[in-house]
Amino acid sequence: MLPLQHLLLAAALALPLPAADLAPTGTLRAAFLATNPVQGRVDPQTGAVTGPVADLVRELAARRGVPYTLLPVPDASAVIDSVKSGKADIGFLAYEAARAAQVAFSDPYAMMANAYAVGADSSIRRSTDVDRAGVKIGAVKGQSQEIYVSANIKNARVQVLPAMPANDVLARMIGAGEIDAFAANRQRMEELARSSPRVRVLSDNFLMIGQAMVVDPANRSNLDELNRFVADLRASGFVKASLERAKLVGVEVAPAPASGR
């Protein structure tokens, strides 16, 4: 028979985690990018959210014994604003250095591939072929891919779009030569190529980015808990199963951090 103190410790560990620090209102509120299928999909009729974000938030709320709400927002700046203003307790973002100066990132739970879409008859075959004089690269303002190409492309011209075009509009732009390549996550680009024979996706990725949870820097103390949560879900197969259910292309479970957290 186990000593009494061991039984009491086991019972304590089985109880829901205290909610006050991470969910001060009593409800865990999570902001994510409504238009990014790598994070989640919002049903236009019902508003129901499916995908990795929905799975992770549901599990985190269950472990804490609190209800949750998902807050779809239009872009990364809205995720940051929601977290910093206190409208959301956590947010979901791809890691980027400028964002890390505004919010605190957990360890990544997934890695997201990013690829270029080009015209079906384009001479461009590899990502390295894109950075050439005379090539026009399209990307959406503030997205991870735009930040990357704007900082790293040396010879091609980057055309920054204010918002993500609908697939038919983007396919027309590429097919008509208004842009020669478009930079986005591979999931989006593969969906674009399936929607139009005028477009194909380069086979290699120009960038891999970690998808993670974020909190306001004032609540940085919550990161230890979130990192333990992410580590458990990575190791248990939870994240892998969630990505498989979502049928995502170019998204994989993130490796454990080198620090061993």
Side-chain angles (χ1 to χ4, degrees), residues 33 35-39 51-52 75-76 92-100 105 108-212 239 243-244 246-255 257-258:
L33 301 174
T35 59
N36 187 348
V38 168
Q39 293 190 358
D75 52 38
F92 287 79
L93 285 174
Y95 180 84
E96 198 276 317
R99 295 173 183 172
F105 277 80
Y109 61 89
M111 299 300 294
M112 176 182 72
N114 301 276
Y116 292 111
V118 299
D121 59 354
S122 172
S123 62
I124 297 172
R125 297 294 168 183
R126 304 280 299 173
S127 295
T128 51
D129 299 336
V130 171
D131 193 7
R132 299 186 309 206
V135 172
K136 292 172 290 184
I137 303 171
V140 175
K141 181 177 176 62
Q143 290 189 353
S144 305
Q145 301 81 17
E146 182 271 318
I147 294 169
Y148 177 84
V149 295
S150 293
N152 291 279
I153 291 298
K154 305 302 181 186
N155 301 301
R157 180 166 65 87
V158 178
Q159 181 174 329
V160 179
L161 282 62
M164 188 74 185
N167 278 349
D168 59 339
V169 175
L170 185 52
R172 179 192 58 76
M173 293 174 69
I174 295 173
E178 294 177 31
I179 53 176
D180 301 299
F182 191 84
N185 68 58
R186 179 167 288 280
Q187 175 68 32
R188 277 177 166 160
M189 295 297 85
E190 295 288 353
E191 290 179 1
L192 171 66
R194 287 196 296 270
S195 74
S196 173
R198 305 177 75 180
V199 176
R200 62 179 169 84
V201 184
L202 300 188
S203 60
D204 65 319
N205 303 312
F206 68 84
L207 178 66
M208 295 292 292
I209 305 177
Q211 287 281 336
V239 174
L243 298 178
E244 289 174 350
K247 296 180 169 60
L248 297 173
V249 179
V251 186
E252 58 192 46
V253 180

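Here the straight-line distance linking atom CD of Q145 with atom OG of S150 works out to 11.0 Å at 0.5 Å rounding. For the atom pair CG (D168) and OG (S195), the distance works out to 7.5 Å, reported to the nearest 0.5 Å. Of the inter-residue distances, the one linking M111 atom CE with I209 atom CD1 reads 8.0 Å to the nearest 0.5 angstrom. Here CG of N152 is found 8.5 Å from CG of L207. Values are rounded to the nearest 0.5 Å. The distance from the CZ atom of R200 to the CD1 atom of I124 is 8.0 Å, given to the nearest 0.5 Å.
Distance alone, capped at 3.5 Å, places no donor-acceptor pair between the D204 side chain and the L202 backbone. Side chain of D131 to backbone of I153: no donor-acceptor contact under 3.5 angstrom is found. The backbone N or O of R126 sits less than 3.5 Å from a side-chain atom of D129, completing a donor-acceptor pair. In terms of modelled atom types and a separation under 3.5 Å, the side chain of Q211 and the main chain of A110 share no donor-acceptor contact.
For the residue pair L33 and A76, the shortest heavy atom distance occurs at CD2-N, 3.4 Å. Closest heavy-atom contact between L161 and G138: CD1-CA, 4.3 Å. Considering all non-hydrogen atoms of both residues, P197 and A120 come closest at O-CB, 3.4 Å. Contact record, P108 with G210: CB-CA, 3.9 Å, taken as the closest heavy-atom pair.
Listed by first then second residue, pairs satisfying ring-ring contact (aromatic ring centres under 6.0 Å, His included) with a partner in residues 150-178 number zero, not counting sequence neighbours. Sorted by first and then second residue, the ring-ring contact (aromatic ring centres under 6.0 Å, His included) pairs involving residues 115-146 (not counting sequence neighbours) are Y116-F206.
Each of I137, V140, V160 was checked for a side-chain contact (heavy atoms from CB on, under 4.5 Å) with E146, and the lone residue meeting it is V160.
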All N/O donor-acceptor pairs, side-chain side in residues 171-185, below 3.5 Å, sequence neighbours left out:
| residue | atom | partner | partner atom | Å |
| --- | --- | --- | --- | --- |
| R172 | NH1 | E178 | OE2 | 2.6 |
| D180 | OD2 | K136 | N | 2.7 |
| N185 | OD1 | Q187 | N | 3.2 |
| N185 | OD1 | R188 | N | 2.9 |
| N185 | ND2 | N36 | OD1 | 3.1 |

Pairs under 3.5 angstrom only: tabulate donor-acceptor contacts from the side chains of residues 93-100 to other protein residues two or more places apart or in another chain.
| residue | atom | partner | partner atom | Å |
| --- | --- | --- | --- | --- |
| E96 | OE1 | A98 | N | 3.0 |
| E96 | OE1 | R99 | N | 3.2 |
| E96 | OE2 | A98 | N | 3.3 |
| R99 | NH1 | A94 | O | 2.9 |
| R99 | NH1 | S144 | OG | 3.2 |
| R99 | NH2 | G142 | O | 2.9 |

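Residues M164 and T35 form no side-chain contact, since every pair of their non-hydrogen atoms from C-beta on lies 4.5 Å or further apart. In this structure, L170 and M189 have side chains that are in contact, with non-hydrogen atoms separated by less than 4.5 Å.
Partners of R157 by side chain to side chain donor-acceptor pair (under 3.5 Å), not counting sequence neighbours: none found. Considering only residues two or more places apart in sequence or on other chains, N205 meets the side chain to side chain donor-acceptor pair (under 3.5 Å) condition with R186.
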